Amino acid sequence: MTVSIVVPLYNEDENVDILHEKLRQTLDQAGLEYEILYVDDGSTDKTLSKLEEIQAKDKKVVVLSLRRNFGQTAAFAAGFDFARGDVVVTMDGDLQNDPGDIPKMLELIKTHDLVSGWRKKRKDPFFTRRLPSILANWVISKVTGVKLHDYGCSLKAYRRDVIKNLKLYGEMHRFIPAVASWYGVRVAEVETTHYPRLRGKSKYGLSRTVKVILDLITVKFLQSFSTKPLQFFGPIGLLSGLLGFLISLYLSIEKIFLGKPLGGRPLLLLGVLLIIVGIQLIGMGLLGEMLVRVYHESQRKPIYVIKKVLGPEIK
Ligand code: UDP
Ligand code: MG
(Lines give C-alpha, C1' and ligand atoms only; values in the text may rest on other atoms or scores of the structure.)
(Ligands and ions follow the chains in the order given, each with its own letter.)
Protein backbone atom coordinates (compact mmCIF):
# COMPACT_ATOMS: atom_id res chain seq x y z
CA MET A 1 0.00 0.00 0.00
CA THR A 2 1.44 3.35 -1.04
CA VAL A 3 0.31 6.52 0.70
CA SER A 4 0.04 10.13 -0.49
CA ILE A 5 -0.25 12.80 2.19
CA VAL A 6 -1.92 16.02 0.98
CA VAL A 7 -1.41 19.19 3.03
CA PRO A 8 -2.84 22.59 2.00
CA LEU A 9 -0.84 25.55 3.25
CA TYR A 10 -1.76 29.19 3.23
CA ASN A 11 0.68 31.48 5.04
CA GLU A 12 2.01 28.83 7.39
CA ASP A 13 5.75 29.63 7.23
CA GLU A 14 6.11 29.25 10.99
CA ASN A 15 4.67 25.75 10.85
CA VAL A 16 6.08 24.04 7.75
CA ASP A 17 9.47 22.99 9.11
CA ILE A 18 8.08 21.46 12.31
CA LEU A 19 5.25 19.88 10.38
CA HIS A 20 7.55 18.22 7.88
CA GLU A 21 9.84 16.93 10.59
CA LYS A 22 6.93 15.35 12.49
CA LEU A 23 5.35 13.89 9.36
CA ARG A 24 8.59 12.42 8.13
CA GLN A 25 9.35 10.83 11.50
CA THR A 26 5.91 9.24 11.84
CA LEU A 27 5.79 7.95 8.30
CA ASP A 28 9.33 6.55 8.37
CA GLN A 29 8.71 4.89 11.72
CA ALA A 30 5.54 3.26 10.41
CA GLY A 31 7.65 1.84 7.57
CA LEU A 32 5.37 3.22 4.89
CA GLU A 33 5.99 3.80 1.25
CA TYR A 34 4.81 7.37 0.88
CA GLU A 35 4.95 10.79 -0.78
CA ILE A 36 3.99 14.12 0.76
CA LEU A 37 2.24 16.71 -1.40
CA TYR A 38 2.43 20.20 0.03
CA VAL A 39 0.01 22.51 -1.73
CA ASP A 40 0.96 26.16 -1.34
CA ASP A 41 -2.35 27.95 -1.74
CA GLY A 42 -0.94 31.29 -2.94
CA SER A 43 0.84 32.17 0.30
CA THR A 44 2.21 35.69 0.61
CA ASP A 45 4.77 34.84 3.30
CA LYS A 46 7.81 32.54 3.18
CA THR A 47 5.79 29.30 2.98
CA LEU A 48 6.77 28.55 -0.61
CA SER A 49 10.50 29.18 -0.19
CA LYS A 50 10.54 27.00 2.91
CA LEU A 51 8.74 24.26 0.98
CA GLU A 52 11.29 24.55 -1.81
CA GLU A 53 14.11 24.04 0.71
CA ILE A 54 12.36 20.98 2.11
CA GLN A 55 11.76 19.56 -1.34
CA ALA A 56 15.41 20.03 -2.31
CA LYS A 57 16.46 17.84 0.63
CA ASP A 58 13.66 15.28 0.63
CA LYS A 59 12.75 13.55 -2.62
CA LYS A 60 9.57 12.12 -1.14
CA VAL A 61 8.15 15.63 -1.16
CA VAL A 62 6.14 17.14 -4.00
CA VAL A 63 5.35 20.85 -3.85
CA LEU A 64 2.43 22.30 -5.76
CA SER A 65 2.23 26.06 -5.86
CA LEU A 66 -1.10 27.62 -6.81
CA ARG A 67 -1.02 30.97 -8.59
CA ARG A 68 -3.24 32.69 -6.07
CA ASN A 69 -5.23 31.84 -2.97
CA PHE A 70 -7.97 29.52 -4.21
CA GLY A 71 -9.12 28.21 -0.82
CA GLN A 72 -8.66 25.01 1.09
CA THR A 73 -11.04 22.90 -1.02
CA ALA A 74 -9.28 23.85 -4.26
CA ALA A 75 -5.92 23.13 -2.64
CA PHE A 76 -7.13 19.65 -1.68
CA ALA A 77 -8.42 19.12 -5.22
CA ALA A 78 -5.01 20.03 -6.66
CA GLY A 79 -3.33 17.60 -4.29
CA PHE A 80 -5.80 14.85 -5.25
CA ASP A 81 -5.09 15.34 -8.94
CA PHE A 82 -1.35 14.85 -8.43
CA ALA A 83 -1.50 12.14 -5.76
CA ARG A 84 -0.19 8.76 -6.87
CA GLY A 85 -0.69 6.63 -3.76
CA ASP A 86 -3.22 3.84 -3.30
CA VAL A 87 -4.44 5.75 -0.27
CA VAL A 88 -4.64 9.53 0.06
CA VAL A 89 -4.49 11.16 3.50
CA THR A 90 -5.39 14.83 3.97
CA MET A 91 -4.49 16.99 6.95
CA ASP A 92 -4.10 20.63 7.99
CA GLY A 93 -0.72 22.24 7.81
CA ASP A 94 -1.01 24.25 11.01
CA LEU A 95 -0.09 21.38 13.38
CA GLN A 96 -3.62 21.18 14.75
CA ASN A 97 -3.84 17.60 13.49
CA ASP A 98 -1.48 14.96 14.79
CA PRO A 99 0.49 12.99 12.18
CA GLY A 100 0.64 10.26 14.83
CA ASP A 101 -3.00 9.45 14.05
CA ILE A 102 -2.19 8.46 10.45
CA PRO A 103 -1.17 4.83 11.14
CA LYS A 104 -4.46 3.96 12.83
CA MET A 105 -6.38 5.54 9.97
CA LEU A 106 -4.41 3.45 7.50
CA GLU A 107 -5.27 0.37 9.54
CA LEU A 108 -8.99 1.17 9.15
CA ILE A 109 -8.73 1.97 5.46
CA LYS A 110 -7.97 -1.70 4.85
CA THR A 111 -11.62 -2.49 5.60
CA HIS A 112 -13.20 0.83 4.54
CA ASP A 113 -13.04 3.21 1.60
CA LEU A 114 -12.97 6.42 3.61
CA VAL A 115 -11.83 7.09 7.18
CA SER A 116 -12.79 10.41 8.74
CA GLY A 117 -11.16 11.94 11.81
CA TRP A 118 -13.19 13.09 14.78
CA ARG A 119 -11.74 15.93 16.82
CA LYS A 120 -13.50 14.78 19.99
CA LYS A 121 -11.65 17.26 22.17
CA ARG A 122 -11.48 20.12 19.72
CA LYS A 123 -9.13 22.93 20.74
CA ASP A 124 -10.67 25.94 19.02
CA PRO A 125 -12.50 29.02 20.36
CA PHE A 126 -16.00 28.11 21.57
CA PHE A 127 -18.32 30.82 20.26
CA THR A 128 -16.85 31.48 16.84
CA ARG A 129 -15.83 27.94 15.94
CA ARG A 130 -16.99 25.08 18.16
CA LEU A 131 -20.61 26.14 18.70
CA PRO A 132 -21.35 26.81 15.00
CA SER A 133 -19.59 23.55 14.20
CA ILE A 134 -21.76 21.56 16.65
CA LEU A 135 -24.89 23.00 15.02
CA ALA A 136 -23.54 22.49 11.49
CA ASN A 137 -22.57 18.89 12.20
CA TRP A 138 -26.04 18.19 13.54
CA VAL A 139 -27.74 19.71 10.49
CA ILE A 140 -25.37 17.99 8.05
CA SER A 141 -25.94 14.59 9.60
CA LYS A 142 -29.72 15.08 9.49
CA VAL A 143 -29.77 16.37 5.94
CA THR A 144 -27.25 14.05 4.31
CA GLY A 145 -28.15 10.97 6.31
CA VAL A 146 -24.45 10.16 6.76
CA LYS A 147 -23.83 9.92 10.49
CA LEU A 148 -20.50 11.45 11.47
CA HIS A 149 -19.63 13.56 14.51
CA ASP A 150 -17.16 15.88 12.83
CA TYR A 151 -17.44 16.64 9.12
CA GLY A 152 -14.98 19.52 9.24
CA CYS A 153 -11.94 17.53 10.38
CA SER A 154 -9.30 17.74 7.67
CA LEU A 155 -7.59 14.56 8.77
CA LYS A 156 -9.14 11.95 6.53
CA ALA A 157 -7.96 8.94 4.56
CA TYR A 158 -9.39 7.92 1.21
CA ARG A 159 -8.88 5.04 -1.11
CA ARG A 160 -7.63 6.34 -4.39
CA ASP A 161 -10.73 5.51 -6.44
CA VAL A 162 -12.95 7.46 -4.04
CA ILE A 163 -11.30 10.80 -4.70
CA LYS A 164 -10.57 10.21 -8.37
CA ASN A 165 -14.35 10.05 -8.89
CA LEU A 166 -15.06 13.35 -7.16
CA LYS A 167 -15.43 16.91 -8.37
CA LEU A 168 -15.00 19.49 -5.63
CA TYR A 169 -16.48 22.98 -5.57
CA GLY A 170 -16.85 25.81 -3.05
CA GLU A 171 -16.23 24.71 0.52
CA MET A 172 -17.21 21.19 -0.36
CA HIS A 173 -14.34 19.20 1.04
CA ARG A 174 -16.24 18.60 4.27
CA PHE A 175 -19.04 16.99 2.30
CA ILE A 176 -16.85 14.37 0.65
CA PRO A 177 -18.06 11.66 3.08
CA ALA A 178 -21.68 12.53 2.29
CA VAL A 179 -21.12 12.64 -1.46
CA ALA A 180 -18.97 9.52 -1.34
CA SER A 181 -21.55 7.56 0.59
CA TRP A 182 -23.94 8.34 -2.24
CA TYR A 183 -21.49 6.45 -4.43
CA GLY A 184 -21.82 3.52 -2.04
CA VAL A 185 -18.54 4.04 -0.21
CA ARG A 186 -17.90 2.42 3.21
CA VAL A 187 -17.19 5.24 5.69
CA ALA A 188 -15.56 4.88 9.12
CA GLU A 189 -14.90 7.47 11.80
CA VAL A 190 -12.02 7.46 14.25
CA GLU A 191 -11.15 9.72 17.19
CA THR A 192 -8.13 11.90 16.54
CA THR A 193 -6.06 14.24 18.63
CA HIS A 194 -6.49 17.97 18.13
CA TYR A 195 -4.18 20.76 19.23
CA PRO A 196 -4.75 24.49 19.59
CA ARG A 197 -3.14 26.63 16.92
CA LEU A 198 0.16 27.80 18.38
CA ARG A 199 1.63 29.65 15.41
CA GLY A 200 0.13 31.62 12.55
CA LYS A 201 -3.48 32.77 12.23
CA SER A 202 -6.66 30.82 11.57
CA LYS A 203 -8.07 31.71 8.16
CA TYR A 204 -11.68 31.28 9.10
CA GLY A 205 -14.30 32.82 11.36
CA LEU A 206 -18.04 32.83 11.79
CA SER A 207 -18.75 33.74 8.15
CA ARG A 208 -17.65 30.29 7.11
CA THR A 209 -20.80 28.79 8.64
CA VAL A 210 -22.99 30.61 6.11
CA LYS A 211 -20.94 29.21 3.23
CA VAL A 212 -21.14 25.74 4.68
CA ILE A 213 -24.94 25.91 4.98
CA LEU A 214 -25.28 27.11 1.37
CA ASP A 215 -22.99 24.33 0.18
CA LEU A 216 -25.08 21.89 2.17
CA ILE A 217 -28.17 22.93 0.23
CA THR A 218 -26.31 22.35 -3.04
CA VAL A 219 -25.02 18.98 -1.93
CA LYS A 220 -28.44 17.86 -0.74
CA PHE A 221 -30.02 18.98 -3.97
CA LEU A 222 -27.39 17.29 -6.14
CA GLN A 223 -27.47 14.18 -4.01
CA SER A 224 -31.22 13.65 -4.12
CA PHE A 225 -32.42 15.29 -7.28
CA SER A 226 -29.60 15.75 -9.74
CA THR A 227 -31.00 13.12 -12.04
CA LYS A 228 -34.67 14.00 -11.53
CA PRO A 229 -35.26 17.73 -10.95
CA LEU A 230 -38.89 17.58 -12.05
CA GLN A 231 -39.55 15.19 -9.16
CA PHE A 232 -38.32 17.96 -6.90
CA PHE A 233 -40.08 21.00 -8.35
CA GLY A 234 -43.05 19.14 -9.77
CA PRO A 235 -45.02 18.24 -6.63
CA ILE A 236 -44.77 21.77 -5.18
CA GLY A 237 -45.75 23.22 -8.56
CA LEU A 238 -48.70 20.86 -8.93
CA LEU A 239 -49.90 21.60 -5.41
CA SER A 240 -49.63 25.34 -5.90
CA GLY A 241 -51.32 25.20 -9.30
CA LEU A 242 -54.13 23.03 -8.00
CA LEU A 243 -54.77 25.31 -5.02
CA GLY A 244 -54.84 28.35 -7.31
CA PHE A 245 -57.19 26.57 -9.66
CA LEU A 246 -59.60 25.68 -6.84
CA ILE A 247 -59.60 29.24 -5.50
CA SER A 248 -60.26 30.64 -8.97
CA LEU A 249 -62.97 28.07 -9.55
CA TYR A 250 -64.67 29.04 -6.31
CA LEU A 251 -64.50 32.73 -7.22
CA SER A 252 -65.84 32.07 -10.74
CA ILE A 253 -68.79 30.06 -9.42
CA GLU A 254 -69.71 32.83 -7.00
CA LYS A 255 -69.40 35.39 -9.79
CA ILE A 256 -71.43 33.44 -12.34
CA PHE A 257 -74.15 31.99 -10.13
CA LEU A 258 -74.41 34.51 -7.29
CA GLY A 259 -73.36 37.58 -9.22
CA LYS A 260 -70.71 38.61 -6.67
CA PRO A 261 -68.28 41.09 -8.30
CA LEU A 262 -64.66 39.90 -8.68
CA GLY A 263 -63.11 43.31 -8.09
CA GLY A 264 -62.00 43.98 -4.51
CA ARG A 265 -61.57 40.32 -3.60
CA PRO A 266 -58.03 39.71 -2.29
CA LEU A 267 -58.49 35.97 -2.75
CA LEU A 268 -58.41 36.52 -6.51
CA LEU A 269 -54.84 37.73 -6.23
CA LEU A 270 -53.82 34.66 -4.27
CA GLY A 271 -55.51 32.32 -6.73
CA VAL A 272 -53.75 33.87 -9.71
CA LEU A 273 -50.44 33.97 -7.87
CA LEU A 274 -50.62 30.28 -6.98
CA ILE A 275 -51.40 29.31 -10.56
CA ILE A 276 -48.49 31.33 -11.91
CA VAL A 277 -46.10 29.97 -9.28
CA GLY A 278 -47.26 26.45 -10.09
CA ILE A 279 -46.59 26.88 -13.79
CA GLN A 280 -43.19 28.46 -13.04
CA LEU A 281 -42.11 25.62 -10.77
CA ILE A 282 -43.09 22.95 -13.24
CA GLY A 283 -41.31 24.94 -15.95
CA MET A 284 -38.20 25.08 -13.76
CA GLY A 285 -38.40 21.34 -13.21
CA LEU A 286 -38.55 20.74 -16.95
CA LEU A 287 -35.65 23.11 -17.60
CA GLY A 288 -33.77 21.23 -14.89
CA GLU A 289 -34.47 17.97 -16.66
CA MET A 290 -32.92 19.37 -19.83
CA LEU A 291 -29.90 20.69 -17.93
CA VAL A 292 -29.34 17.34 -16.27
CA ARG A 293 -29.23 15.65 -19.63
CA VAL A 294 -26.78 18.22 -20.99
CA TYR A 295 -24.67 17.88 -17.85
CA HIS A 296 -24.42 14.12 -17.91
CA GLU A 297 -24.12 13.70 -21.64
CA SER A 298 -21.59 16.49 -22.28
CA GLN A 299 -19.25 15.04 -19.67
CA ARG A 300 -20.14 11.47 -20.50
CA LYS A 301 -20.84 11.22 -16.80
CA PRO A 302 -22.81 8.06 -16.13
CA ILE A 303 -25.64 8.09 -13.60
CA TYR A 304 -24.11 5.09 -11.84
CA VAL A 305 -20.74 4.23 -10.35
CA ILE A 306 -19.11 0.88 -10.99
CA LYS A 307 -17.03 -0.77 -8.31
CA LYS A 308 -15.62 -3.67 -10.27
CA VAL A 309 -16.15 -5.47 -13.55
CA LEU A 310 -15.49 -9.21 -13.79
CA GLY A 311 -14.96 -10.45 -17.35
CA PRO A 312 -15.50 -10.25 -20.36
CA GLU A 313 -12.32 -11.48 -21.99
CA ILE A 314 -12.88 -9.75 -25.31
CA LYS A 315 -12.61 -5.96 -25.47
N1 UDP B 1 -5.73 26.91 4.09
C2 UDP B 1 -5.52 26.95 2.72
N3 UDP B 1 -6.15 27.93 1.97
C4 UDP B 1 -7.00 28.82 2.54
C5 UDP B 1 -7.24 28.75 3.93
C6 UDP B 1 -6.59 27.77 4.66
O7 UDP B 1 -4.77 26.15 2.17
O8 UDP B 1 -7.52 29.68 1.83
C9 UDP B 1 -5.05 25.87 4.89
C10 UDP B 1 -4.32 26.39 6.11
O11 UDP B 1 -3.02 26.81 5.77
C12 UDP B 1 -4.32 25.20 7.02
C13 UDP B 1 -5.65 24.54 6.71
O14 UDP B 1 -6.04 25.00 5.42
O15 UDP B 1 -3.26 24.31 6.73
C16 UDP B 1 -6.71 24.83 7.73
O17 UDP B 1 -6.83 26.23 7.88
P18 UDP B 1 -7.07 26.93 9.30
O19 UDP B 1 -6.16 26.34 10.31
O20 UDP B 1 -7.01 28.39 9.09
O21 UDP B 1 -8.56 26.49 9.60
P22 UDP B 1 -9.15 26.12 11.03
O23 UDP B 1 -8.26 25.06 11.62
O24 UDP B 1 -9.15 27.38 11.83
O25 UDP B 1 -10.52 25.59 10.70
MG1 MG C 1 -6.38 25.17 11.96
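First listed ligand is number 1; within each ligand, the first listed atom is number 1. Count residues from 1 along the sequence. Everything quoted here is computed from the prediction, not taken from an experiment.
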Near ligand 1, at a heavy-atom separation below 4.0 Å: residues by chain and residue number: P8, L9, Y10, E12, D41, N69, G71, Q72, D92, G93, D94, Q96, R129, R197, S202, K203, Y204, R208

Stepwise side chain to side chain contact (heavy atoms under 4.5 Å, CB included) test for V179 and Y183: CA-CA 7 Å; V179 175; Y183 285 102; 3.8 Å; yes

Is a salt bridge present between R159 and D113, judged by a nitrogen-to-oxygen distance below 4.0 Å? yes

Classify the angle between the aromatic ring planes of F233 and F221 as parallel (below 30°), tilted (30 to 60°) or perpendicular (above 60°). tilted

Cut-off 3.5 Å, no hydrogens considered: what does the side-chain donor-acceptor table look like for residues 267-288, sequence neighbours left out?
none

Evaluate the criterion side chain to side chain contact (heavy atoms under 4.5 Å, CB included) for residue pair K121 and E191; output intermediate values, then yes/no. CA-CA 9 Å; K121 299 202 182 76; E191 280 176 35; over 6 Å; no

Qualifying salt bridge (Lys or Arg N to Asp or Glu O under 4.0 Å) pairs with a residue from residues 94-104, counting only residues at least two apart or across chains: D94-R197, D101-K104

Before accepting this row, confirm whether a basic side-chain N of the pair K57/E53 lies closer than 4.0 Å to the acidic partner's carboxylate O. no

Common cluster, F80/V63, ILVMFWY with side-chain heavy-atom separation under 4.5 Å: no

Tell me yes or no: between the side chains of E35 and S4, is some donor less than 3.5 Å from an acceptor? yes

Protein N/O/S neighbour count - the Mg ion (ligand 2), strictly under 2.8 Å: 2

